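Scope of the values below: all heavy atoms of this structure, side chains included, with no hydrogens, waters or symmetry mates. The structure presented is a predicted model; accordingly, all values stated were derived computationally and were not measured. So that the names make sense, note that chain A is the first sequence line, chain B the second, and so on, each numbered from 1.
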Number of protein chains: 2
Amino acid sequence: MPTPERTSLEAIVAAARDLLETEGLPGLTMQAVAERVGVRAPSLYKRVQGRDQLVQLVAEATLVEVAERLEASTDLIDLVDRFRAFGHERPSAFQLVMTPGPGVPTARPEFGAATSGPILRHAGALAGEPEALEAARTVTAWAAGFVSMELTGGFGLGGDVDAAWRFGAERIVAAVGSGAQGRDLVS
Amino acid sequence: MPTPERTSLEAIVAAARDLLETEGLPGLTMQAVAERVGVRAPSLYKRVQGRDQLVQLVAEATLVEVAERLEASTDLIDLVDRFRAFGHERPSAFQLVMTPGPGVPTARPEFGAATSGPILRHAGALAGEPEALEAARTVTAWAAGFVSMELTGGFGLGGDVDAAWRFGAERIVAAVGSGAQGRDLVS
DNA sequence: ACCTGAACACCGTTCAAGT
DNA sequence: ACCTGAACACCGTTCAAGT
């Protein structure tokens, strides 16, 4: 006799994302997720292989959302500003996705690739197609590193963090485009 | 009647650092550490407040070591190369220190400050003192982000990661120094 | 077909009891 | 003064039993 489903994978992932942000990764337990979706912990294993896979699904859902936000960006400066804004809104999810600690499950590569579309587009326009990938990686690494460090207090005390962000954004965007400009001048 | 000490804080931290690298952060358990130093888990609480503090001590010891390595650097390119080399040698410790995941204990600020000495020195020489801090943060953010992403597979598949590193290092060092150069030309 | 209680192995942590 | 076994609360996970 079939039993009606009392929850869903979507509800489980949503509860996990909530818990991650409110309680941190250690608070994202199977029991807490189960309670939120109105079920006992063992029932989660009908929809999810285990906690590690659930964390991975949270990371992937986060990447999809990041990709959506970046799609709307108009240029590279706007893109990194949106990227940073997401980090401030959802610090735990941002860290999970961009800089998972040692031993933390990560998203499958396809999901990382989804976010690189808009970055590659803007980076290519600026640096030229041959250097698009390297330019995109330079910008991404800087932005991810910067936001991750400010979220974990890596910048220590003192100084104007917003000013350092603008400084970095302007200089890096200029630097990444400098090769193409040089070549244009010569050709 | 006093009992002879059967272990020490140094031995505990050393065992924890070993475990972090060989087993990952989840494998860094109080029981595993206790076994390595030849003691039962409860005895660890004579020297350490708890697992979180032990992880913090590991992070701080790692930062001291990173600072030592960076001290030897001759210029900014050399410095970031040493920084990256450390990440490749000790990936888990590197991630713990530079990009701890959400909920992972972090080092006290003094220890982060220790590593910024050599960075500030080289960045100041390049960008000028007024912009030294912003230049240092730009370089640090890029390097930390880059190495963290390559360690966690964040760059997806394909492409020449070493080439992207050299591209970024050269462009960023140039970009960070561009303001001072410009001012020199005008003055 | 889905959900549950019970159980297992394994955590971190506390504490009274040993020496 | 340090170490230990026992105990507790809490994990993730498995599985036989319920409906």
Side-chain angles (χ1 to χ4, degrees), chain A residues 1-60 92 96 100-107, chain B residues 1-60 92 96 100-107:
Chain A
M1 190 68 88
T3 305
E5 309 192 346
R6 256 167 252 188
T7 183
S8 67
L9 182 59
E10 294 78 48
I12 290 170
V13 173
R17 296 180 77 183
D18 261 20
L19 277 165
L20 170 65
E21 219 54 71
T22 57
E23 310 294 333
L25 191 54
L28 169 34
T29 69
M30 297 301 270
Q31 321 214 8
V33 170
E35 191 175 5
R36 289 224 175 185
V37 301
V39 110
R40 299 292 184 169
S43 301
L44 299 178
Y45 292 81
K46 278 284 156 181
R47 335 231 175 231
V48 154
Q49 287 182 14
R51 181 181 183 270
D52 279 359
Q53 200 210 7
L54 179 53
V55 171
Q56 177 189 307
L57 292 174
V58 169
E60 292 171 352
S92 290
L96 175 65
V104 176
T106 55
Chain B
M1 188 70 85
T3 304
E5 310 194 344
R6 257 166 251 187
T7 184
S8 67
L9 181 59
E10 295 76 46
I12 289 169
V13 173
R17 296 181 77 184
D18 260 20
L19 276 165
L20 170 64
E21 220 52 72
T22 57
E23 310 294 333
L25 191 54
L28 170 32
T29 68
M30 297 300 269
Q31 322 213 7
V33 170
E35 191 175 6
R36 289 224 174 186
V37 301
V39 112
R40 300 292 184 169
S43 300
L44 299 178
Y45 291 81
K46 278 283 154 182
R47 335 232 175 231
V48 154
Q49 286 183 14
R51 182 181 181 271
D52 279 0
Q53 199 211 8
L54 179 53
V55 171
Q56 177 189 307
L57 292 174
V58 169
E60 291 171 353
S92 290
L96 175 65
V104 175
T106 55

>> Rounded at 0.5 Å granularity, tell me how far CG in B:Leu57 sits from CG in B:Leu9.
In response: 6.0 Å
> Got a second to check how far A:Leu96's CG is from A:Leu25's CG, nearest 0.5 Å?
Replying inline: 6.5 Å
> What residues in residues 18-43 of chain B put a non-hydrogen atom under 4.0 Å from any atom of DNA chain D?
Replying inline: B:Val39, B:Arg40, B:Pro42, B:Ser43
> Any side chain to side chain donor-acceptor pair (under 3.5 Å) pairs touching residues 42-57 of chain A, not counting sequence neighbours?
Replying inline: A:Gln56-A:Glu60
>> At a heavy-atom distance below 4.0 Å, what parts of residues 6-16 of chain A sit against DNA chain C?
In response: A:Arg6, A:Thr7
>> Quick check on contacts: within residues 44-53 of chain B, what sits under 4.0 Å from DNA chain C by heavy-atom distance?
In response: B:Tyr45, B:Gly50, B:Arg51
> Taking both distances under 3.5 Å as the test for a Watson-Crick or G-U pair, what stems of at least three pairs does DNA chain D have?
Replying inline: C:4-8 with D:12-16, C:12-16 with D:4-8
Residues two or more places apart in sequence or in another chain: which of them pass side chain to side chain contact (heavy atoms under 4.5 Å, CB included) with [X]?
| X | answer |
| --- | --- |
| B:Ala32 | B:Leu19, B:Thr29 |
| A:Ala16 | A:Leu28, A:Val33, A:Leu54, A:Val58 |
| A:Thr106 | A:Pro100 |

> Do B:Leu44 and B:Val37 have side-chain heavy atoms sitting under 4.5 Å apart?
Replying inline: yes
> What residue pairs, at least two apart or across chains, pass salt bridge (charged side-chain N to carboxylate O under 4.0 Å, His left out) with a residue in residues 22-40 of chain A?
Replying inline: A:Asp18-A:Arg36
